[in-house]
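Lettering of chains follows the sequences in order, A, B, ..., and the numbering in each one begins at 1.
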There are 2 protein chains.
Amino acid sequence: MARIVMKFGGATLASSAHIFEVAKKAIHEKEKGHDVVIVTAAMASSANELTKMARDLSDEASKRELDVLRSTSSQLSSALVAIALQEEGYNAVSLTGWQAGVQTDAMYVNARIDYVDVSRLEEHLAQKQIVVVAGEQGIDHLQNITTLGKGGAETAAVAIAAALDAERVDIFTNVDGVYTADPNHVNGAQKLKEISYNEMLELSNLGTHILHPRAVELAKKFQIPVIIRSNEIDTVGTLLKEEVEMEKNLIVRGVAYESDVIRLTVGYDAYSDASLADIFTVLANHRINVDIIVQAIIDGLKPTVSFTILKEEFAEALRVLEESKLSLGFSFADFEVGLAKVSIIGSGMASNPGVAARMFDRLRHEDIPVKMVSTSEIKVSVVVPQDDMIHAANALHAEFNLEQALYM
Amino acid sequence: MARIVMKFGGATLASSAHIFEVAKKAIHEKEKGHDVVIVTAAMASSANELTKMARDLSDEASKRELDVLRSTSSQLSSALVAIALQEEGYNAVSLTGWQAGVQTDAMYVNARIDYVDVSRLEEHLAQKQIVVVAGEQGIDHLQNITTLGKGGAETAAVAIAAALDAERVDIFTNVDGVYTADPNHVNGAQKLKEISYNEMLELSNLGTHILHPRAVELAKKFQIPVIIRSNEIDTVGTLLKEEVEMEKNLIVRGVAYESDVIRLTVGYDAYSDASLADIFTVLANHRINVDIIVQAIIDGLKPTVSFTILKEEFAEALRVLEESKLSLGFSFADFEVGLAKVSIIGSGMASNPGVAARMFDRLRHEDIPVKMVSTSEIKVSVVVPQDDMIHAANALHAEFNLEQALYM
């Protein structure tokens with residue numbers, strides 16, 4: 001007997017039929033003798049409706065109240081799943097974030113989990129109940145309701161699994177696993193049997209929106225195996241774990257890309273380490289995700305720093321920079337839109353020099369201009385014009401023979 | 001500076017425009033320097049939708065999960081009102097039932113308030129915030145979410161007012177006060193300036209659905225003045241308090257009626273006090289409201305007991321009786337539908353004998369058959385055919401000269 005945490009996304013909860021499907025999957029595990037905890041995301045339709053309601057009242061509704069509103073959405077889905085389980089004859093109980101002991105910081109709309117007090121969860125499991133947790137929410141130290149922002153439900157699922165010492169987390173989503181690249185746009189993309197946390201971290205950071213990096217990080221930290229699987233078809237999925245058996249020692253294991261990237265450039269009259277740190281501190285304090293950072297200090301030119309952010313955070317980033325212009329001490333800010341990021345990922349890269357060079361060479365060969373570059377031990381990212389994104393992804397997928405990955 | 005609790009019903013929260021209207025009313029009191037606590041009911045549309053969602057999954061969804069579902073509705077309205085207040089430039093915060101300290105018993109769907117721990121409410125008021133409480137919910141001693149059933153939000157409003165030692169509760173509703181009878185159906189019905197708790201208790205028990213008797217009882221117990229007033233027009237409303245100034249010493253102060261009454265009759269082979277108590281205990285345990293009870297023990301006939309219940313509780317009452325038939329020991333059960341209850345209410349009645357006789361006389365004169373009778377110190381109720389209900393109400397309104405009540 002093991003403990004399994006199963007996370008279901010908004011699309012898997014879209015109708016009564018879907019909800020019974022979710023119940024069936026949970027019952028399948030329960031019947032094997034496992035303790036089962038389900039974590040539900042918000043139902044997509046209800047979340048949108050709530051946002052509209054708030055927007056009708058105010059363009060700048062307070063984030064605290066938005067969380068009170070939005071948390072009703074996963075509370076709702078958790079109760080509905082519990083009702084479906086009961087209808088199937090199983091003992092089930094729904095818990096809100098605070099009831100499930102999901103303790104967070106006080107950053108409304110985008111809260112981080114501090115810890116999970118599983119005492120109540122343990123009580124229900126001891127009573128052989130299937131527990132359904134409203135996944136996108138928690139409570140701060142002053143007992144205010146918080147929501148967890150993007151990837152909240154899957155992050156909560158991993159956090160709960162860690163706190164419960166669960167055997168694994170199953171993430172049910174609208175894809176049946178992790179692929180070497182997006183099969184809708186890249187020819188010959190293959191599903192991976194396994195992928196390491198580090199590779200997945202790069203992949204999820206790089207725009208493969210299957211599992212949020214927060215969840216991957218947490219899974220890595222607590223070494224919780226995670227399976228990405230389809231809600232619709234019953235296939236094996238992709239197992240996410242620490243070390244991957246490399247049947248074929250491919251250097252690159254995946255190509256990822258992300259559109260709607262914006263490059264912001266900030267210039268200074270004189271170079272100062274302090275001000276540079278400050279700018280990213282200010283942006284981080286506003287939870288604006290800065291991605292690739294390139295700093296240029298060239299003799300005779302004013303020092304500049306360029307970084308990429310996502311389109312949806314652009315307005316907020318501009319606002320923050322404008323507000324802090326004086327204290328940050330920069331003299332000008334500039335931006336470029338219509339960009340995309342394309343990346344290659346693979347643990348084998350670290351021990352294989354020349355991968356980046358091969359990537360740049362191929363892109364030049366394809367006449368795709370590279371605007372920015374960023375590298376880590378296991379990935380290389382380039383910023384290219386958005387119009388070249390799919391072209392670049394296909395070229396790189398072919399360049400590194402990923403069509404031969406065949407269920408690695 | 002005083003403390004005011006303002007309760008808004010579902011109809012007053014139906015749209016963004018309505019919600020801003022609610023905010024305006026609260027701001028009006030705030031600007032006078034008062035501490036303001038708003039208590040919101042569920043938005044009608046959302047409550048119905050939630051019930052439908054549950055019903056799509058199960059005909060017998062567990063009451064615990066129904067409460068998790070339904071509580072989202074007033075949580076939602078409280079957040080929206082807080083957002084509207086903030087948009088108007090006021091410091092406001094929404095609280096769920098458990099955050100507001102509304103502690104209840106564990107009777108899901110129909111929970112009773114045990115006490116209100118106002119410590120958090122006091123903190124927010126001390127910070128000069130307008131506090132918006134989700135009114136139809138609380139939490140039981142095991143930290144499960146409960147909802148308060150019918151009249152929940154107004155009962156919560158009165159309970160919170162009592163615990164906060166508030167000056168008064170304003171109940172904003174779709175009528176502008178309490179009338180001697182329903183002005184839509186009874187000629188010459190007059191609005192009352194004041195009404196005593198006891199009279200209101202009889203009125204609200206008797207189908208004038210302005211304020212639930214639970215709320216009136218609580219207001220009486222803690223001597224909290226309550227004003228029933230219109231959400232739409234700015235009039236004085238009716239003040240509910242302990243003693244009413246009787247400018248005109250009318251014996252009867254109001255005529256109330258209620259349709260869709262069902263008479264259930266249960267017969268026994270032999271008389272037994274115990275079984276009689278049992279039947280009402282069983283019904284009460286299922287929170288089925290039994291109203292008029294008439295017991296007939298006539299020599300030579302089998303003992304019977306008749307009682308009235310509302311149509312909506314009929315199915316449940318039959319189910320409960322059927323289930324408990326053996327233990328309750330009755331030999332047959334019978335029912336009559338298509339009935340209504342008509343009542344006259346007035347504190348002056350106690351010191352004026354012959355009021356009931358005058359009522360029966362008038363009904364006989366109008367050819368309206370009386371099926372059951374029930375009396376208290378300050379009211380007389382009769383059960384009549386539903387088709388005669390409005391006719392009876394008009395006749396009694398005229399009989400006791402209530403068209404002269406003229407804003408008593």
Against chain A, residues from residues 6-20 of chain B with at least one heavy atom under 4.5 Å, in numeric order, are B/Ser16, B/Ile19, B/Phe20
- request: Enumerate by number any residue of residues 114-139 of chain B whose heavy atoms lie under 4.5 Å from heavy atoms of chain A; in the absence of such residues, state 'none'.
  value: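 Against chain A, the residues of residues 114-139 of chain B that fall inside the cut-off (heavy atoms, under 4.5 Å) are B/Arg120, B/Ile139.
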Within 6.0 Å of [atom1] in [X], more than 12 heavy atoms from elsewhere:
X        : atom1 : answer
A/Lys150 : NZ    : no
B/Glu60  : CD    : no
B/Arg319 : CZ    : yes
B/Arg287 : CZ    : yes
A/Lys24  : NZ    : no

Heavy atoms of A/Arg64 and B/Leu95 approach each other most closely as NH2-CD2, 3.9 Å
Applying the side-chain contact (heavy atoms from CB on, under 4.5 Å) test to A/Glu65, which of B/Val81, B/Val93, B/Leu85, B/Leu80 qualifies?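 Looking at B/Val81, B/Val93, B/Leu85, B/Leu80, the match for A/Glu65 under the side-chain contact (heavy atoms from CB on, under 4.5 Å) is B/Val93.
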Main-chain N/O of A/Gln99 paired with B/Gln143 side-chain donor or acceptor, under 3.5 Å: no
Measure [X] against the heavy atoms of chain B and call it side chain, backbone, both or neither at under 4.5 Å.
X       : answer
A/Glu49 : side chain
A/Ala23 : neither
A/Asp67 : neither

One should read off an interatomic distance between A/Ser58 OG and B/Glu88 CD, to the nearest 0.5 angstrom, of 9.5 Å
Honestly, the part of B/Leu50 sitting under 4.5 Å from a heavy atom of chain A is side chain
_Report which part of B/Thr96 has an atom under 4.5 Å of a heavy atom belonging to chain A: side chain, backbone, both, or neither._
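When you check distances to chain A, only side chain atoms of B/Thr96 fall under 4.5 Å.
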inquiry  = With side-chain contact (heavy atoms from CB on, under 4.5 Å) as the criterion, how do B/Leu57 and A/Gln86 come out once you've worked through the C-alpha distance, each side chain's angles and the decisive distance to 0.1 Å?
reply    = CA-CA 10 Å; B/Leu57 291 169; A/Gln86 291 165 353; over 6 Å; no
Output all residues satisfying salt bridge (charged side-chain N to carboxylate O under 4.0 Å, His left out) with A/Glu313, sequence neighbours left out; order by chain, then residue number.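 With sequence neighbours excluded, A/Glu313 shows a salt bridge (charged side-chain N to carboxylate O under 4.0 Å, His left out) to no residue whatsoever.
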Who pairs with B/Thr173 by side chain to side chain donor-acceptor pair (under 3.5 Å), at least two apart in sequence or on another chain?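 Applying side chain to side chain donor-acceptor pair (under 3.5 Å) to B/Thr173 gives none.
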Evaluation steps, side chain to side chain donor-acceptor pair (under 3.5 Å), between B/Gln75 and A/Thr72: CA-CA 7 Å; B/Gln75 179 172 332; A/Thr72 62; 5.7 Å; no
